[in-house]
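These notes are about the structure you will find just below.
As the structure is a computational prediction, the values presented were derived from the model and not from experiment. Nothing fancy with the numbering, it's 1 onward along the sequence. Start at 1 and go down the list; that is how both ligands and their atoms are numbered.
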Amino acid sequence: MAKQLQPRGTGWSAAASPLFGLVALWMAVYLVWSVWAAAWLTAWIVDGAVPSFGVAWALALFTWDTETTWPGLPTPLVMVTSVLFVGATLALVMVGLRVFHGVRGDAEDAVTALNTGDETVAELARPAAAEKALRLRRSTLLGRKARSLKDADVGLVIGGVKRPRDKSGPTLFASWEDTILAYMAPRAGKTTAMAIPYVLAAPGPALATSNKGDVWAATAELREERTGERVWLFDPQEVTHQGRGMWWNPLRGVDNVEAAHRLAGHFVLTIDDDSKKDMWGPAAKALISQLLLAAALDDETLAIVGEWLHDAKQPRPVNVLQDHGFTAYADALRETQNIVSETRDGIYTTARTAARCLDDPAIMRWVTPPDDFDVDEFDPRPFVRSRQTLHLLSKSRSAAAPLIAALTDAVFLSAEEAAEGQGGRLDPPLVAVLDEAANICKIADLPDMYSHLGSRGIIPVTILQSYRQGVRVWTENGMEAMWSAATVKVFGAGLDDHKIVEALSKLVGQHDVSTGSFSFGDGKGNHSVQLRRQEIMQGSDIRQIAKGEALLFATAARPTLVEMHPWYENPDAKEIGAAIEKAHGLITAGARNRLPHGSQTQG
Ligand SMILES: Nc1ncnc2c1ncn2[C@@H]1O[C@H](COP(=O)(O)OP(=O)(O)O)[C@@H](O)[C@H]1O
Ligand SMILES: [Mg+2]
């Protein structure tokens, strides 16, 4: 990035021409003197003599009077020495400048301004980060020394502090009580520098959502090897073509209005049409939650909810709710069913759009009990106490997305319950990487959850492409809540929203920039320096953050530019590369065979 973040405001323009004359004159003097120095050096070596340097000597050189300039010395030898001499002095000057800048940096350069002096990020780096890990993970790191902790035990690696001139600074970690929010454009390193390394490094259970098979491909086999525990793959749209190796019952644990409402929320959030969402959304959510609760109470599966949504006159859910004592809920459902047909159709159509995955038998196979008993049921409760891995895949904005959100939410809830049973903090912590969260993991309560997940030992890593993408799902208020509750915020390459870019520029702050100017008058040159306040990173600098780099905002630390550590630059790159290769083979084979439904290759 140093390339783009050039020092600004050196005002040479108007005063340039007299200055260039002056510089050219001194260059000429330097060259003539260099030839003299080279001749003198040659004479010294071969035991000759050269007249002293002066105007007379220079004139002799210009008239090519070699008998005067270097009497008795071979001219070619003097010429060669001259070239070497000029080369050597220039090289010396360059090295000198480099060393000087390396020590001091460009005062105007953002990297220098932000990243010199480690005290403001010390809490995120070793040894402080390791000490903190020991404190937060008292039960699993008992008796360990801070020094002996591996990176993966210290925290999630955000990157190395970027230094002026290619050197890299200390590695910074998100701790086991942080909540992470990242914004990055496509191909900026979300998957390679965050999702994949975080899943591999998770000390306890790991969950990852993705709209592609890449995270699964890179981590599934290695996680299984390293933890010795099961890797689950919830892939209702067959992104990886690995067949169904698990199923999950979303209705398990839905035995009250609160739980039903929460589950219904994930469906309604997937309605893309904003006007429809505003007009019918709340009523559709109520309807879905009434039907979900009725289905759960009646020991039915999710499939029946789909049937009931197509039959607005169906009396059974009303009766079930009534029988189980949910009188108000039963009345509300009856009212919806008997409302004027236009309104009722609006509500039912919206609810059906939100829950359209219920109409897709291929998707429903993953959330309804299987005919064959080989397919294991995924239960979030033991999962959060294990070192297992759960991959959740869905194509962007697809029908299956609400199920991804619902399963993630169920894991969060189980993790919170488990944390309460462990003195408030889950240990080892749960790492939940929500890649492409705004497309496939629209958990309605996510912004609220951000304020307490970290303190329970649940580390959410929500990765979005832009702030606006988040606003579309969680609204402006929701995003503001998430923004302020996230303790680690990472801004990568390709941020393009002017509002966020300007806000970041303000948050990074200002510094003094010196502006040099040179004027030429009355036969002499004047150099003057002015100081002025200027943004350390202007909006355009933030827009130009390079791929693989990021601006980091962490609680109690100064904004810092970091170089992220993608998996392919880490020590285990070869191993991961091989795993990806192998997984791609499996995906290709799976796609070719179009595995018959119900077959199991994963587990
Ligand atoms: N093994 C690799 N070696 C070098 N570059 C890679 C490798 N794998 C991916 N990349 C590059 O890293 C960049 C970031 O990729 P990725 O993290 O998948 O982006 P995204 O932010 O969309 O998830 C891309 O430009 C990609 O081409
Ligand atoms: Mg990606």
Side-chain angles (χ1 to χ4, degrees), residues 1 4 156-160 162 168 174 180-202 206-222 233 235 237 239-240 389-398 401 404 408 431-442 460-470 473 488-497 500 542-552 561-585 587:
M1 190 157 80
Q4 290 105 352
L156 298 176
V157 174
I158 303 164
K162 187 175 159 72
S168 60
I180 305 175
L181 181 58
Y183 300 94
M184 253 173 254
R187 283 170 300 284
K190 297 186 292 292
T191 304
T192 49
M194 297 188 88
I196 292 174
Y198 291 0
V199 168
L200 286 174
L207 174 156
T209 66
S210 180
N211 61 351
K212 280 183 275 172
D214 46 8
V215 183
W216 172 81
T219 62
E221 194 192 50
L222 291 178
L233 174 61
D235 182 11
Q237 291 182 307
V239 175
T240 59
T389 313
L390 172 62
H391 286 283
L392 300 142
L393 268 61
S394 150
K395 291 169 192 160
S396 283
R397 316 173 84 76
S398 79
I404 305 290
T408 307
V431 174
V433 185
L434 311 184
D435 199 359
E436 300 291 343
N439 284 325
I440 58 166
C441 194
K442 307 179 188 187
V461 185
T462 301
I463 312 181
L464 308 174
Q465 291 187 8
S466 67
Y467 187 79
R468 294 242 57 88
Q469 197 193 33
V473 179
V488 169
K489 292 178 272 274
V490 180
F491 304 93
L495 293 181
D496 223 5
D497 174 352
I500 188 96
I542 288 169
R543 257 194 198 101
Q544 287 175 33
I545 288 177
K547 255 188 195 181
E549 293 180 4
L551 180 61
L552 165 70
L561 282 160
V562 295
E563 283 170 328
M564 294 190 293
H565 295 331
W567 66 262
Y568 50 82
E569 286 173 10
N570 287 345
D572 52 2
K574 228 170 152 181
E575 218 182 337
I576 301 173
I580 293 177
E581 196 89 347
K582 199 164 153 196
H584 281 170
I587 295 175

From CA spacing to verdict: side-chain hydrogen bond (donor to acceptor under 3.5 Å, both in side chains), S398, Q237: CA-CA 9 Å; S398 79; Q237 291 182 307; 3.1 Å; yes
Donor-acceptor under 3.5 Å (E569 side chain, H565 main chain): no
Neighbouring protein N, O or S atoms of the Mg ion (ligand 2), below 2.8 Å: 1
Side chain to side chain, L434 and V461, heavy atoms closer than 4.5 Å: no
Positive for side chain to side chain contact (heavy atoms under 4.5 Å, CB included) with M184, one of K190, Q465, K547: K190
Ring pair (Phe, Tyr, Trp, His ring centres under 6.0 Å) against Y183, all qualifying residues, sequence neighbours excluded: F491
N/O donor-acceptor pair under 3.5 Å between S210 side chain and G213 backbone: no
side-chain hydrogen bond (donor to acceptor under 3.5 Å, both in side chains) evaluation trace for D235 with T240: CA-CA 7 Å; D235 182 11; T240 59; 2.6 Å; yes
Between T191 and D435, a side-chain donor and acceptor under 3.5 Å: yes
Contacts of D572 that satisfy salt bridge (charged side-chain N to carboxylate O under 4.0 Å, His left out) - sequence neighbours left out: R226
Every residue of the protein that comes under 4.0 Å of ligand 1, judged on heavy atoms: A185, P186, R187, A188, G189, K190, T191, T192, K547, W567, Y568
